[in-house]
Amino acid sequence: MLALALAIAASSCGIVDYGVECTANFVFGLRVTVVDSAAGAPPDSASMVARSGSFVDSVGPRRPVQLVANEPPVLVLPSAGERAGTYDVVVHSPGYQDWTRNNIRVTAGRCHVRPVDLLARLHPS
């Protein structure tokens, strides 16, 4: 009986989380991988603007990076860090048409947002 009383008291204080352990990781709600539509390789650089209501996040310009040895470089633009919402996204890269997607929904999870991965296939301008 004492154990039950302690468990109830601890849960009301937020001490017991019933098996869910949140990390200190910072999770981006949007992760946009940018590639040339014909070559499949990333452009030299790209930037992005993500909007949700009055919230605006600008990213870049960024250049491709090699994340894994002996693998080709990638260009990923992260945004909406730990922020749920419905986003309009525009990716810009010199020499390419802007890539736009609207109404991208990022939802909140128990501890972090649930990331949405997008592939921006850019077409030359």
Quick one: do [X] and [Y] end up in the same hydrophobic cluster if we chain Ile, Leu, Val, Met, Phe, Trp and Tyr together by side-chain heavy atoms under 4.5 Å apart?
| X | Y | answer |
| --- | --- | --- |
| Val89 | Val49 | no |
| Val27 | Tyr87 | yes |
| Phe28 | Val91 | no |
| Val74 | Leu118 | no |

ask   = Under the side-chain hydrogen bond (donor to acceptor under 3.5 Å, both in side chains) rule, what pairs show up with a residue in residues 40-67, not counting sequence neighbours?
value = Asp57-Ser79
key: Contact list for residues 116-125, test side-chain hydrogen bond (donor to acceptor under 3.5 Å, both in side chains), sequence neighbours left out   = Arg31-Asp117, Ser37-His123
message = Among residues at least two apart in sequence or on other chains, which ones pass side chain to side chain contact (heavy atoms under 4.5 Å, CB included) with Asn102?
response = Asp88, Thr100
message = When you measure from the side chain of Glu82 to the backbone of Phe26, do you find a donor-acceptor pair of N or O atoms at a distance under 3.5 Å?
response = no
query = Do any pairs count as a ring pair (Phe, Tyr, Trp, His ring centres under 6.0 Å) and have a residue in residues 52-80, sequence neighbours left out, and if so which ones?
reply = none
Can you see which heavy atom on [X] is nearest to which on [Y], and at what distance?
| X | Y | result |
| --- | --- | --- |
| Asp36 | Ala39 | OD1-N, 2.9 Å |
| Arg83 | Val113 | N-CG1, 3.4 Å |
| Pro78 | Val59 | O-CG2, 3.1 Å |
| Ser93 | Leu122 | CB-CD1, 3.5 Å |

message = side-chain contact (heavy atoms from CB on, under 4.5 Å), that's the test. Do Thr33 and Leu75 meet it? Break it down for me.
response = CA-CA 6 Å; Thr33 301; Leu75 178 52; over 6 Å; no
query = Remaining members of Val35's ILVMFWY cluster at a side-chain heavy-atom cut-off under 4.5 Å?
reply = Leu119
ask   = Sequence neighbours excluded, which residues qualify as ring-ring contact (aromatic ring centres under 6.0 Å, His included) partners of Tyr96?
value = none
message = To the closest 0.5 Å, what do you measure between CE (Met48) and CH2 (Trp99)?
response = 9.0 Å
query = Is any side-chain heavy atom of Val116 less than 4.5 Å from a side-chain heavy atom of Arg114?
reply = no
